[in-house]
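Excluded from the calculations below are hydrogen atoms, water molecules and symmetry mates; all remaining heavy atoms, backbone and side chain alike, are included.
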Amino acid sequence: MDLIYTNAKMEDQGVLIDYGLDLAFGADENDFECTIQADSHCCSAGSFLYIEGTEYGGIVDSIESNEEEGSVIYRGRTWHGILNAKVLEPDPGKAYLTVNGEANAVIGSLLERMGLTDLFRASPMPSGVTIKNYKMNRYILGYDGIKKMLKASGGKLKVVFVNGMVMLSATSAKDYSKDEEFDSDLLDFQIKKNYKSVNHLVCLGTGNLEERMVIHLYVDSFGRISRNQTQFGLDEYAAVYDYANVESEEELIQSGTEELQSLWGQDELSIAFDAEEDSFDIGDIVGAIDNITGIQISAEITKKIVSIENGQPIISYEVGD
C-alpha cells in the first residue's frame, strides 16, 4: 500500500518509505499519526497523506521532531475528521436543518453547505437510500450528522480517496450477524454483554418546577422505544436526561430517543482482523459467540482502527458504544 504525500495544494510529491501510520475513525478520534525517519522528513503543515482507493488518509495539522529517536511524527485529521471540523446548522430564521431526497444528492448539498467541495465529492450514482424529511440535530458536526442521517434511513457512509478527491457515497448498511458469527475458537476477541441497562429515560426540557417539560421514554426487551412502559419493578432501570435548552417537545423526544438508544443494551465487542478480512464499514452489524461463556451478541461497528507498517495493515474494530 503506497502512502502518497502531497503539498498543501494537493499536488503529489512522492511516496513515503519506511513509515508507520495509525488511524482511527468512526465514533471518535477521527485522526491519524504517521512516523518516519528524520532523514526522510518531507511533509509540511497542510500536506495530505493518502492511500489511493481506500479511506485511509487526511491532512497534516502538526509536525513533531523527536531527536532522541531520530524520527518525525505527522499528526492530523482523517477525511472523517475534516468533515467533523465543520458544523451543520439551520438556515437563518429556521429552527432545524431538514433534508430530503436521494442520499448521495443530499450528501452533495451538505458538502456545499460546509464549503468542502474542493476536496470532497458526493457520488453521482443512485445510492438506493432515500432521506425523508430528516431533521438534523441543531449544530451537529458534519461527519456525525451525515452518519446519523444515513443510519436513520438504514444506510451507511462509504469514504474512498480516488483520482485526487475524497468520494462520499451512501449505501445500505449490512447486517452480517444474520448470516455469520465470529467464533471465539477461531478468532481472538473481547466480548461483554449487559443483561440489564437503562430502559426508562425521564427527559427534562425547558421550564422550572411544575412547569418543567417532562417526557418519559421506555424501551422494551426487543429494543423498541416508545412512551409506553413495559418493564416494571426490579426490571425497570431508570435514568434522567437533562436538556434544559430544548426548543420543543418534538426535539426533546428526538434527542431523548437517541440518548436512550445509546444507554440501552451497551454490549461491547472488540475484534482484530487481518487485511484480507477488511470488508466491514462503520454502521454495519456483526455478531459473535463466545464458546466459554455462551455469550452471543450482535452490535453496530462504531469505530475502525488501522495500523500500517510499511504497507502491511492490521485492522481492528470497536463494536457498540
Side-chain angles (χ1 to χ4, degrees), residues 1-26 29-66 69-85 107 111 116-125 143 156-169 171 271-284 301 303-318:
M1 304 179 86
D2 288 338
L3 181 59
I4 300 169
Y5 68 95
T6 78
N7 58 21
K9 296 181 180 180
M10 199 46 143
E11 298 167 337
D12 290 352
Q13 301 297 298
V15 178
L16 291 182
I17 58 173
D18 193 24
Y19 70 87
L21 177 65
D22 295 298
L23 311 94
F25 47 87
E29 297 189 61
N30 298 309
D31 56 19
F32 71 86
E33 180 176 294
C34 180
T35 304
I36 63 171
Q37 294 300 307
D39 56 8
S40 298
H41 169 53
C42 55
C43 292
S44 58
S47 292
F48 293 88
L49 302 178
Y50 71 88
I51 298 176
E52 182 77 11
T54 75
E55 62 183 324
Y56 311 145
I59 187 171
V60 175
D61 290 325
S62 70
I63 301 174
E64 176 185 338
S65 176
N66 188 328
E69 296 186 3
S71 63
V72 173
I73 303 171
Y74 304 127
R75 295 186 178 93
R77 290 162 288 162
T78 62
W79 311 130
H80 323 75
I82 294 173
L83 289 170
N84 243 18
I107 292 172
L111 290 174
L116 291 174
T117 52
D118 286 344
L119 178 60
F120 291 82
R121 288 282 189 276
S123 171
M125 302 300 293
Y143 178 53
K156 65 181 179 182
L157 181 66
K158 297 279 288 186
V159 180
V160 61
F161 189 91
V162 58
N163 297 327
M165 300 292 296
V166 183
M167 186 66 68
L168 304 184
S169 60
T171 187
I271 312 170
F273 300 92
D274 60 27
E276 287 71 29
E277 294 172 328
D278 179 20
S279 57
F280 303 94
D281 299 308
I282 305 295
D284 286 336
I301 293 175
K303 187 174 179 180
K304 189 172 182 178
I305 303 166
V306 184
S307 181
I308 304 174
E309 292 289 338
N310 297 319
Q312 299 300 314
I314 298 175
I315 298 127
S316 61
Y317 298 86
E318 289 186 6

Under 3.5 Å, side-chain donor or acceptor atoms of residues 32-47 against the rest of the protein: list the pairs with distances, not counting sequence neighbours.
residue : atom : partner : partner atom : Å
Glu33   : OE1  : Arg75   : NE           : 2.9
Glu33   : OE1  : Arg75   : NH2          : 3.3
His41   : ND1  : Tyr74   : OH           : 2.7
Ser44   : OG   : Ser47   : OG           : 3.4
Ser47   : OG   : Thr6    : O            : 3.0
Ser47   : OG   : Ser44   : N            : 3.1
Ser47   : OG   : Ser44   : O            : 3.0

Who pairs with [X] by side-chain hydrogen bond (donor to acceptor under 3.5 Å, both in side chains), at least two apart in sequence or on another chain?
| X | result |
| --- | --- |
| Asn84 | Asp144 |
| Asp18 | none |
| Asp22 | Ser307 |

Partners of [X] by side-chain contact (heavy atoms from CB on, under 4.5 Å), sequence neighbours excluded?
| X | answer |
| --- | --- |
| Glu11 | Asn7, Lys9, Gln13 |
| Thr117 | Leu111, Glu112, Arg121 |
| Asp284 | Lys156, Ala173, Lys174, Tyr176, Phe280, Asp281, Ile301 |
| Glu52 | Tyr50, Phe161, Val162, Asn163 |

Less than 4.5 Å apart, any side-chain heavy atom of [X] and any of [Y]?
| X | Y | result |
| --- | --- | --- |
| Leu83 | Val159 | no |
| Val72 | Ile63 | yes |
| Val60 | Tyr5 | no |

Review point. How would you list, by chain and number, every residue that makes a ring-ring contact (aromatic ring centres under 6.0 Å, His included) with Tyr143, sequence neighbours excluded?
Key: His80
Practice item. Identify, with sequence neighbours excluded, every residue that meets ring-ring contact (aromatic ring centres under 6.0 Å, His included) alongside Tyr19. Key: none
Check your understanding: Counting heavy atoms not belonging to Met125, are there more than 12 under 6.0 Å from its CE?
Key -> no
Check your understanding: What closest approach, in Å, do Ala122 and Met167 show between heavy atoms, and which atom pair accounts for it?
Key -> C-SD, 3.7 Å
